[in-house]
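In what follows, chains are A, B, ... by sequence order, proteins preceding strands, each numbered from 1.
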2 protein chains.
Amino acid sequence: MYIMKENCSIRKVANFLGKRWTLLILLELYKGKSKWKRFSQVKKSLNNITPKILSARLKELEREKLIEKRVNVERFPIKSEYKLTEAGKDFINIIKNIKKWSLKWKEKNEKCDERDCKDCEF
Amino acid sequence: MYIMKENCSIRKVANFLGKRWTLLILLELYKGKSKWKRFSQVKKSLNNITPKILSARLKELEREKLIEKRVNVERFPIKSEYKLTEAGKDFINIIKNIKKWSLKWKEKNEKCDERDCKDCEF
DNA sequence: CCGGATCCTCTGCGATACTG
DNA sequence: CAGTATCGCAGAGGATCCGG
């Protein structure tokens with residue numbers, strides 16, 4: 001049905017990039033030097049994301065090798081932590097390119113509230 | 001609800017980039033030196049796209065200034081033609097960057113059938 | 001020939017509750 | 001704490017018809 005194959009590299013990127021919350025999650029993990037971040041930390045930062053969606057997105061990004069996960073099950077409470085991989089950090093450059101493209105071609109760049117918007121850091 | 005504003009530049013791009021067919025349409029218009037292409041030509045190239053979706057995507061891309069449209073109403077049948085704007089051509093570079101990123105970080109690049117896949121030209 | 005209008009299906013997303 | 005399970009809805013996408 002689709003001419004481009006399911007596993008076509010560009011299409012795969014478009015497929016996760018376009019999903020709701022994905023971009024915000026990446027930028028959230030990028031903030032603060034890409035340190036390990038807990039599930040609940042990300043959740044809190046992305047105020048209205050539900051655990052179901054967050055979980056799904058994190059799994060997808062892990063599968064695509066943009067983030068990595070580590071779990072500490074030895075003591076309670078369990079900690080699951082996530083951070084960008086090298087590929088993930090490199091992918092941030094693509095997002096920066098998109099930002100640059102927007103700045104170049106759009107008459108006015110739409111600015112977000114400085115307090116919350118995570119892409120205005122670029 | 002979303003922290004990032006509706007009109008945030010990066011989010012806007014992610015929103016149209018992730019939609020089905022968008023990428024294929026851009027690449028289709030990019031093929032052949034970005035000449036004017038008819039609605040029906042694009043439709044034929046993207047075998048199973050329905051006119052409703054194609055029309056919606058073209059409108060969105062026109063609104064985002066990635067493509068431009070010209071119409072000839074003087075004679076029958078009416079011709080509507082589309083091609084990439086300068087911004088649109090520049091946007092192709094972002095797609096190329098995504099391709100490069102994939103090549104760099106994925107163990108194997110998934111190749112599409114040469115005959116049909118439009119991103120393998122890069 | 002272009003593409004809008006209608007109707008219908010399907011899935012992405014969200015709210016809530018629940019478990020190891 | 002870190003998720004999974006269930007349910008429900010709205011909106012995206014598809015098939016088809018039709019009119020300019």
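In this structure, the side chain of B:Thr22 engages the main chain of B:Phe16 through a donor-acceptor pair within 3.5 Å.
For the pair B:Lys43 NZ and D:dG14 C1', the interatomic distance rounds to 12 Å; values are reported in whole Å. B:Arg20 has its CZ atom 15 Å from the C1' atom of D:dG11, to the nearest Å. Rounded to a whole Å, the CG atom of A:Asn15 is 11 Å from the P atom of D:dG13. Taking atom CG of residue A:Asn72 and atom P of nucleotide D:dG3, one finds them 13 Å apart after rounding to whole Å. When the P atom of C:dG4 is taken as reference, atom CZ of B:Phe39 falls 8 Å away, rounded to whole Å. At whole-Å resolution of the value, CZ in A:Arg70 and P in D:dC1 are 17 Å apart. Atom CD1 of A:Ile49 and atom P of D:dT4 are 13 Å apart (whole Å).
Contact annotation: A:Ser40 side-chain N/O to D:dA2 OP1/OP2 distance is under 4.0 Å. At the phosphate of C:dC2, neither OP1 nor OP2 sits under 4.0 Å from any side-chain N or O atom of B:Lys44. Side-chain nitrogen and oxygen atoms of A:Ser55 include none within less than 4.0 Å of the OP1 or OP2 phosphate oxygen of D:dA2. Look at B:Lys37 and you won't find any side-chain N or O under 4.0 angstrom from OP1 or OP2 of C:dC2. For the OP1/OP2 pair of D:dA12 and a distance below 4.0 Å, the side-chain nitrogens and oxygens of B:Trp21 include no atom meeting the criterion. For C:dC2, one of the phosphate oxygens OP1 or OP2 lies less than 4.0 angstrom from a side-chain nitrogen or oxygen of B:Arg38. Close to C:dC2, at under 4.0 Å from its OP1 or OP2, lies no side-chain N or O of B:Tyr82. OP1 or OP2 of D:dG3 sits under 4.0 Å from a side-chain N or O of A:Ser80.
Between A:Glu86 and A:Lys89 there is a salt bridge, since a side-chain N of the basic residue sits under 4.0 Å from a carboxylate O of the acidic one.
A donor and an acceptor atom never sit less than 3.5 Å apart when one is taken from the side chain of B:Lys52 and the other from the base of C:dG4.
Residue B:Pro51 has its side chain nearest to C:dG4 when only D:dT4, D:dG13, C:dG4 are considered.
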